[in-house]
Every structure is written in structure tokens, then in C-alpha cells.
Q: 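Starting off with a structure, shown below.
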Number of protein chains: 2
Amino acid sequence: MSTIKDVANEANVSVATVSRVLNNNGYVNEDTRKKVLKAIEKLDYKPNAVARSLFKKQSKTIALIVPDIKNPFFPEIARAIEDVLNNNDYTLILCNSDEHEDKEKKYFDVMKQKYVDGVIIVTSTLAPNYIEKNNIPIVSLDRPIHQSIPSVSVNNYEGAKEAVQYLKAIGCKKIAHVRGPVSVINADERYKGYLSEVCNEPWFSEEFIINGNYNVLETAKATMVLLSKHRDIDGIFSGNDYMALGVLKAATQMGIRIPQDLSLIGFDGIQLCELTSPEITTMAQPIYELGESAAKLLLNMIEGKAVNPAQQEFKVSLKIGQSTKVLR
Amino acid sequence: MSTIKDVANEANVSVATVSRVLNNNGYVNEDTRKKVLKAIEKLDYKPNAVARSLFKKQSKTIALIVPDIKNPFFPEIARAIEDVLNNNDYTLILCNSDEHEDKEKKYFDVMKQKYVDGVIIVTSTLAPNYIEKNNIPIVSLDRPIHQSIPSVSVNNYEGAKEAVQYLKAIGCKKIAHVRGPVSVINADERYKGYLSEVCNEPWFSEEFIINGNYNVLETAKATMVLLSKHRDIDGIFSGNDYMALGVLKAATQMGIRIPQDLSLIGFDGIQLCELTSPEITTMAQPIYELGESAAKLLLNMIEGKAVNPAQQEFKVSLKIGQSTKVLR
DNA sequence: TTCTAACATGTAACCGGTTACACATCAAAA
DNA sequence: TTTTGATGTGTAACCGGTTACATGTTAGAA
């Protein structure tokens with residue numbers, strides 16, 4: 001690899017001049033510029049990003065911290081983010097936290113040591129003041145942490161209400177809920193949305209709420225228990241699409257037909273919804289847009305641009321599949 | 001952030017001594033070491049990874065280049081890799097190539113500019129000599145490129161044969177194949193494995209081979225055409241699990257029952273296989289192990305350790321689900 | 001007692017860029 | 001003709017580490 005010095009020698013100028021050409025700042029005579037450009041071409045010179053980072057204290061790199069990239073929601077998000085970064089000459093570092101605060105903090109340390117310019121994080125465990133004292137541009141995605149921290153998320157509460165309302169509208173008489181992990185903010189919000197819609201119904205019972213922990217197999221098991229005890233449940237609102245797979249599995253195994261016997265609605269709108277049979281009805285988040293917005297927001301923060309709505313909330317929209325009865 | 005100079009001042013020693021303590025090399029008096037350690041503690045000093053990189057010409061970072069992280073095979077691989085890296089104080093950069101050579105090359109340029117220590121790549125488009133001239137430790141994963149380039153993959157040909165043999169064993173009389181993209185090496189190998197098992201069968205016809213391009217919707221469409229034309233097909237070997245979802249979808253839509261009317265076997269063994277109903281029978285790759293091995297192999301190469309079997313081939317194993325008739 | 005090698009520490013060059021500053025030129029304005 | 005500001009370029013400090021080399025001490029061997 002040739003260095004800026006090699007280019008300077010080749011072009012018979014100083015490194016400062018080469019640097020000026022490279023960065024397009026300062027005064028450079030047109031002929032000199034051409035000479036330098038020719039030398040760069042000849043030597044196939046690529047500036048050393050590390051040296052540049054050291055001086056500039058920034059690395060053109062951002063980190064994405066998610067609980068587990070194997071959860072199919074996150075690859076879709078990650079893809080959107082990477083696309084934006086790629087278009088802006090940034091690089092993406094991927095981190096799996098397993099919802100574990102220690103791992104998150106360890107990643108933060110590394111990020112700072114590597115001059116990572118910013119972080120997009122999906123977390124429920126990290127305290128706002130820890131983040132603030134780290135003093136690194138950050139966007140929380142999918143799960144708002146605190147007003148003080150810019151975030152990109154959706155209206156989970158209203159979305160959940162809408163999901164349950166839809167189940168009611170198509171004629172469901174007893175609606176259960178598979179909730180996500182306790183104290184994961186979006187799971188809590190969706191749970192509250194469900195609750196607000198059903199708590200005053202005469203048929204409602206606490207037993208209609210089970211915890212699937214955003215885990216498919218756990219959900220399948222719990223659903224089997226639920227459905228064998230309450231055979232008259234005819235609607236299930238699943239806290240996310242991934243768990244809806246578990247519900248689908250349990251129902252199929254028990255010979256319960258979806259949607260004839262049981263209507264199922266999920267949340268998220270991951271691509272997988274369209275690939276199952278029946279296709280899963282869901283409250284779809286604009287997933288790609290979420291990732292895109294988070295990335296753009298973060299880049300703006302890094303470049304010091306004004307960031308007006310620091311808390312961006314997108315709307316979810318009903319995406320009707322085949323897992324719910326047809327509305328007449 | 002405090003620097004090594006701050007620590008040196010605090011401990012009343014030179015930066016060289018601090019560096020020696022940090023890296024545990026050279027001679028350092030025990031008392032001095034303690035003084036330095038105390039200063040480090042007091043200042044909460046973390047060495048600057050960028051400065052270190054500049055001198056050492058290495059970044060403790062490796063890149064993973066995959067076609068598209070949204071394909072569920074890759075997050076599982078990525079997770080395995082990240083785990084290994086995390087345990088070895090390396091960081092993972094994620095790149096999506098979309099099977100596009102230009103993007104791959106662009107990533108390579110960036111990698112070199114950032115002193116990325118090595119690359120794990122899933123590619124069909126990159127030429128061996130391009131890779132070699134880049135002179136950066138590399139492991140090709142899932143798809144061997146050339147003998148000269150270390151790789152981690154599975155026995156696709158034999159695996160495919162075994163899959164078809166199993167379909168025969170359970171009594172399938174006419175077996176079709178949904179193949180992956182032409183000139184993607186593993187898709188080609190699986191196709192050849194299928195062909196070697198069926199080309200001499202009296203019932204065989206070229207029409208039994210359709211191209212799903214590793215894409216679910218495309219597969220679903222092609223499968224519907226196939227199955228409406230050839231109603232007597234009773235077995236399908238899908239080139240991967242992801243496309244098997246498409247077959248499943250098509251069959252369900254057409255009222256063809258799996259496995260009663262049609263047995264379906266996939267390839268890969270992604271987690272999704274267990275989450276559908278019926279669960280998909282598949283030739284399972286040891287996915288986590290593959291990622292793990294690729295990462296360990298690469299780290300060994302980076303650290304200059306001998307790498308004996310530069311071409312690691314794992315075996316796939318039949319994982320019986322519910323999408324194939326029961327063997328009696 | 002002198003020599004030698006292990007121990008201990010500091011100085012400064014180096015990694016490969018960026019940029020503040022100094023200096024020189026030149027054309028237009030005064 | 002002198003002043004001035006825009007233009008053009010080079011020198012060297014700096015970013016924050018690592019390490020070759022120099023220097024000095026000390027203890028055991030000769």
C-alpha cells in the first residue's frame with residue numbers, strides 16, 4: 001500500500017498539497033491538482049482511514065446493538081441501516097447483546113476506544129444516565145429509553161388497541177394475548193393496549209394473558225396450555241409476529257383451524273408473515289423505514305445538524321393476511 | 001478521555017513504561033507497575049484503539065460479507081461468528097453484497113483502508129486472483145471459491161443425493177427439484193446431486209427441475225406452475241429451506257397436502273424449519289459450527305498459526321420433520 | 001575487584017494522515 | 001509605486017499509541 005508520502009514524491013509536491021487535493025480544501029493550483037491526481041492514479045493510492053481517524057477522532061463507523069440478530073425482525077432493520085450507511089460511506093459494526101447489560105457496556109467501551117461515531121441500540125436494560133455520560137451520539141430504536149435520548153419507534157399502544165379492535169370487528173368473542181417479556185417497553189405497551197380494549201369485557205379473565213417472551217417454542221407450549229383450558233377462545237393477539245408462529249404451530253398441532261376456529265393477529269409485519277400458510281394478519285411496522293430513519297437521524301446527529309423531532313414515532317398499519325376471519 | 005500521557009504524568013513515569021505495563025512486555029519494576037495500574041484505575045484510562053491500529057497495522061476487526069442478511073441462513077451464521085469474535089476481543093463489520101461484485105470490491109477497498117484484519121465472505125462472483133492480490137486473510141464460507149482460498153462448507157453433492165434417496169426410500173415415485181441460482185456453487189452442487197440420483201429413472205424429465213433462485217415468492221409461483229402441469233409429482237427436493245417455504249405455500253394454496261400428497265425436503269436446517277407446520281424435513285448443515293469454524297480459522301490465519309485443513313468440509317445430516325411421509 | 005548480563009526506565013522516531021502557520025508570488029486597488 | 005488580499009505551497013506539530021535504542025543500576029560470575 002502506498003502512502004501519502006509516496007504520492008507526494010511521485011508528484012513532486014509536499015504531503016500537505018496532496019492532502020489538500022484529497023480533501024478538496026485550501027488553495028491548489030489546477031496544474032498541481034492534475035499532477036497529484038495522476039500520481040494517485042498511478043500508485044493506486046487509497047488514503048489510510050486509520051491515520052485519518054486518529055487525527056479527526058472519528059471513524060466513519062457506527063455500531064448497531066441488537067439483542068439477537070437471529071430474531072428475524074432485526075436483520076430487516078439491520079439491512080435498512082446498512083444501506084443508508086453504505087450510501088454515506090459509513091461502515092456498520094454489528095453487536096449482539098442478548099439483552100445483557102454487561103455485554104452492552106462492554107460494547108460501549110470498545111466503541112469509544114475505536115472512535116465509533118455513533119450507536120443505534122435496541123435495549124431495555126441500559127440506564128439513560130449511563131448513555132448520557134458516555135457522550136456518544138446515540139439513537140434508540142424500537143424501544144424508547146427516555147425523552148432525553150433520540151429514538152425511533154412506533155405507536156405500540158394504539159397499534160395493539162387497533163389489533164384487538166379488528167379482532168372484535170370480525171366477530172371474535174374471547175380474545176387472548178400472548179405478551180412479550182415483562183419490562184421490555186414495547187411488549188408492555190402492547191400489553192396495555194390489549195388490556196385497555198378488553199378489561200371491561202364481561203368475558204375477560206387474567207388467564208387469557210400468557211407470556212411468550214418473544215420466543216416461538218415457549219409461545220407454542222404456553223398456547224397449547226391456554227387453548228386446551230379455554231376452548232372457546234376465538235381470537236389471539238400475539239405481541240409480535242415471531243411468537244405468532246408459535247401460536248400457529250400450537251393451533252395446527254391441536255387441530256384448531258386458523259382462521260375458521262381461531263383468528264390470529266401479530267405485530268411487526270416481518271416478511272415471514274407472508275411466507276407462512278395461512279399468511280399472518282399483522283399490525284405492520286414500516287420496518288425498513290424505521291431502520292432508515294434511525295440511521296439518517298444518527299448521521300445528522302454525528303454531523304451536528306439540527307435534529308428536530310428527536311423522538312420519531314411511526315404508525316403501524318393493519319396488514320390483513322389469512323389468519324383472521326374475513327370482515328363482512 | 002484520558003491518554004497514555006495523562007497516565008504517565010499521574011504515575012510519574014514515561015509513556016513507554018505505561019505502554020509496557022499495558023502490554024505486559026519488557027521489564028517493569030513491580031512497584032512501578034502498581035503505580036501505573038493505580039493511575040490507570042484513577043483516570044479510568046482505556047487505550048486508544050485507533051492509535052494502536054495505526055502503529056500495528058491491524059484493527060482487531062473482521063468483516064463478514066454476505067449476499068443479504070435478510071436471508072435467514074445468514075443471521076444464524078453471523079451470530080456464531082460474532083460470538084467467537086466477541087470472545088477474542090475482535091469486532092464484526094457486517095456487509096451486504098447483494099451478490100454484486102462491485103459492492104464486494106468496494107467493501108474490500110474500505111476494509112484495507114481501515115486495516116481490517118480479515119474477511120469472511122459468502123460469494124459466487126469474486127474471482128480468486130482478485131482475492132489473492134488483495135493479500136488479506138480471507139475465508140470463504142458456504143461456497144468454496146478455489147483450492148487456494150481457505151473455505152468452510154458442507155458436502156452439498158452428497159447431501160443432495162441423500163435427500164433424494166430419502167424421498168425414494170419413503171416411496172416417492174416422481175421427484176422434482178427446486179434449484180437455487182445458476183452458478184452459485186452450492187446450488188449447482190445440490191442440483192448435480194439431485195440429477196445423479198434421478199437422471200436414469202424412467203419417469204425423469206427436465207421439466208421436473210425449476211429455478212427458485214433462493215427466493216420464496218419466485219419459488220411459490222414456479223411451484224404452482226410445476227404442480228398444476230405435473231399432478232403426479234409426489235416428492236420435491238428444495239435446494240434450500242427458504243425456498244421450501246415457497247413450496248409449502250404453493251402446495252397449501254393448491255390444496256395439495258404435505259406430506260400426504262407430496263413429500264417435501266429442504267436443505268440447510270435453519271431454525272425456521274421447526275417453526276412451520278408441518279415442520280420441514282431437511283438436510284441440516286451444522287450452521288452454528290460452520291460460522292464458528294470459519295471465525296476460528298480466520299483468527300488463526302490472522303495470528304499466523306498453521307492452518308492445516310484449509311478446506312474444511314462438514315457433513316449435512318438428515319433432520320426429519322413432518323413434511324415427508326413416514327418411513328415404514 | 002572487574003566484567004557481564006539481567007533489570008529498569010526514558011527519549012525519540014515512527015505509524016499516515018491533517019492542518020496551523022510561515023512564506024512567497026502576483027494582480028488589483030490605492 | 002506601494003499596499004493589500006487572494007492564491008499557492010512547504011514545514012512541522014499533532015493525533016495517541018509502540019518500540020528501538022540509549023543509559024543507568026545492580027547483582028552474580030570470573
Side-chain angles (χ1 to χ4, degrees), chain A residues 1-40 43-61 89 91 109-117, chain B residues 1-40 43-61 89 91 109-117:
Chain A
M1 287 288 274
S2 43
T3 73
I4 198 170
K5 265 180 215 155
D6 302 329
V7 176
N9 289 339
E10 176 71 27
N12 264 309
V13 297
S14 72
V15 292
T17 299
V18 178
S19 183
R20 285 189 200 104
V21 172
L22 243 35
N23 296 290
N24 240 311
N25 58 23
Y27 294 110
V28 179
N29 182 285
E30 197 47 40
D31 289 345
T32 313
R33 173 187 308 279
K34 276 181 192 147
K35 259 198 314 186
V36 171
L37 256 18
K38 196 173 288 176
I40 288 176
L43 300 177
D44 188 29
Y45 167 74
K46 301 268 181 349
N48 183 315
V50 177
R52 189 174 271 175
S53 284
L54 180 58
F55 188 89
K56 298 268 200 127
K57 296 184 192 297
Q58 43 134 301
S59 61
K60 288 272 182 181
T61 300
D89 299 316
T91 299
D109 283 346
V110 176
M111 298 308 117
K112 284 167 72 179
Q113 293 182 59
K114 294 200 172 182
Y115 282 153
V116 165
D117 300 325
Chain B
M1 286 288 274
S2 43
T3 72
I4 198 170
K5 266 179 213 155
D6 301 328
V7 175
N9 289 338
E10 177 71 27
N12 262 308
V13 297
S14 72
V15 292
T17 300
V18 178
S19 182
R20 284 187 200 103
V21 172
L22 242 36
N23 297 290
N24 239 311
N25 58 22
Y27 294 112
V28 179
N29 182 284
E30 196 47 39
D31 289 345
T32 312
R33 174 187 309 278
K34 276 181 191 147
K35 259 197 315 185
V36 171
L37 255 20
K38 197 173 287 175
I40 288 175
L43 299 178
D44 189 29
Y45 167 73
K46 302 268 182 349
N48 183 314
V50 177
R52 190 174 271 174
S53 284
L54 181 58
F55 189 89
K56 298 269 200 123
K57 297 182 190 298
Q58 43 135 297
S59 61
K60 286 273 180 182
T61 301
D89 299 316
T91 299
D109 283 346
V110 177
M111 298 307 119
K112 285 169 73 180
Q113 293 183 60
K114 295 199 173 184
Y115 283 152
V116 166
D117 301 324

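All chains are named by letter (A, B, ...) in the order of the sequence lines, taking the proteins before the strands, and each is independently numbered beginning at 1. Reckoned from all heavy atoms, side chains included, excluding hydrogens, waters and symmetry mates.
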Q: If I compare all heavy atoms of B:Val28 with all of B:Arg20, which pair ends up nearest, and what's the gap?
A: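 Closest heavy-atom pair between B:Val28 and B:Arg20: CG2-CB, 3.6 Å.
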
Q: Which heavy atom in B:Val50 sits nearest to a heavy atom in A:Leu54, and how many Å separate them?
A: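 B:Val50 and A:Leu54 have their closest heavy atoms at CG1-N, 3.5 Å.
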
Q: Just how far is it from atom OH of B:Tyr115 to atom CE of A:Met1, taken to the nearest 0.5 Å?
A: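 Between atom OH of B:Tyr115 and atom CE of A:Met1 there are 7.5 Å.
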
Q: I'd like to compare against my own output: the B/S/- annotation of nucleotides 16-24 of chain C with a strict under-4.0 Å heavy-atom distance to protein.
A: BBBBB----

Q: Any idea which of D:dG10, C:dT9, D:dA6 is nearest the A:Ser14 side chain?
A: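 Of the candidates, D:dG10 comes closest.
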
Q: If we fit an axis to the first five pairs and another to the last five of the helix from C:dT1-D:dA30 to C:dA30-D:dT1, what angle do they make, to the nearest 10°?
A: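 Inter-axis angle at the ends, rounded: 60°.
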
Q: Nearest whole Å is fine: how far is C:dT9 P from B:Lys34 NZ?
A: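 In whole Å, C:dT9 P and B:Lys34 NZ are 13 Å from each other.
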
Q: Which nucleotide, D:dG8, D:dG10, C:dC7, lies nearest any side-chain atom of A:Val13?
A: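 Closest nucleotide among those given: D:dG10.
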
Q: Checking B:Thr61 now: which residues fulfil side chain to side chain contact (heavy atoms under 4.5 Å, CB included) with it, not counting sequence neighbours?
A: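 B:Thr61 satisfies side chain to side chain contact (heavy atoms under 4.5 Å, CB included) with A:Lys114, B:Ser59, B:Thr91, B:Ile93, B:Val116 only.
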
Q: Tell me the closest heavy-atom pair linking B:Arg33 and B:Asn24, and the distance in Å.
A: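 What the structure gives for the nearest pair is NH1-OD1, 3.8 Å.
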
Q: Considering non-hydrogen atoms only, spot the tightest contact between A:Ile4 and A:Val15 and give its length.
A: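 Looking at all heavy atoms of both residues, the shortest contact is CD1-O, 3.7 Å.
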
Q: Of all the heavy-atom pairs spanning B:Asp89 and B:Lys60, show the shortest one and how long it is.
A: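 The pair with the smallest heavy-atom distance is O-CD, 3.5 Å.
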
Q: Can you find a heavy atom in the side chain of A:Lys112 that is under 4.5 Å from one in the side chain of B:Lys46?
A: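 No; the side chains remain at least 4.5 Å from each other.
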
